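Everything numeric in this text was worked out from a predicted model, so none of it was measured. Atoms within a ligand are numbered from 1 in the order they appear, just like the ligands themselves.
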Amino acid sequence: MMHVVYLFDIDGTLLHAHGSGRAAFDAVFVEQHGIPDASTGIRYGGKTDHQIIDEIFVARMGRRATAGERAAFIAAYLPKLHALLVEHPVEVLAGVHDALTYLAARPEVVLGIATGNVKEGAYAKLGAAQLERWFSFGGYGCDSHVRAELVAKAAERAKHERDVREVIVVGDTIHDIAAARAVGATVCAVATGSDPRDALAHADVVFESLIELPAWHAARFG
Ligand SMILES: [Mg+2]
């Protein structure tokens, strides 16, 4: 069978963590560098954890983080993220449960993740949303700090054990679209995240929410 692989972004696409990621990043920066509200003014949407750390370092320290500083940052970030996700429940976005249920029931469909979160952070968020059971593989911010490369890694993992006719990236930002284009994937943008619908118009399709995804899949694949 020729499979259709969906690669879902997490933040703004499947769920909103309502600032838990940003709060965890800021808490680490206070702890390690004594600077509060370090990520004020920095946009997180569509970026990898590594890119966000570098942007905070450049904004507050005037230089990028070293590899050692990034590793120490992530090590301190993960327990803070876990704690914040318990305190502040995540919101699963409209249509997500139905879209995943619909897609998972189709024998040709394979469901994966493509996110800038490091893998443990990704599964902390998916677990908080009780969505982790849908996904068995992915590409993550720890695979590459370049989004196109982690999307390519996810696609490579999907193709490892099966024939694939099409890879479809589902994401909420221009960065998801650019990464999908770079690897030759189809891209469904969804206007539930940080970029407005107008900014996403160069995707193959733009949804108001994932409520629209099952009908789009049915029209495209029969
Ligand atoms: Mg996103």
What heavy-atom pair brings R197 and F207 nearest, and what distance separates the two atoms? NH1-C, 4.1 Å
When the aromatic ring centroids of H160 and F137 are compared, is their separation below 6.0 Å? no
Exercise: identify the closest heavy-atom pair between A185 and D204: O-OD2, 4.5 Å
I'd like to verify the contacts: list protein N, O or S atoms under a distance of 2.8 Å from the Mg ion (ligand 1). D9 OD2, D11 O, D172 OD1
Hydrogens and angles aside, do S39 and D26 bring a side-chain donor and acceptor to less than 3.5 Å of each other? yes
Sub-6.0 Å ring centroid separation between F25 and Y44: yes
Can you tell me if R147 uses its side chain to pair, donor with acceptor, with the backbone of G46 under 3.5 Å? yes
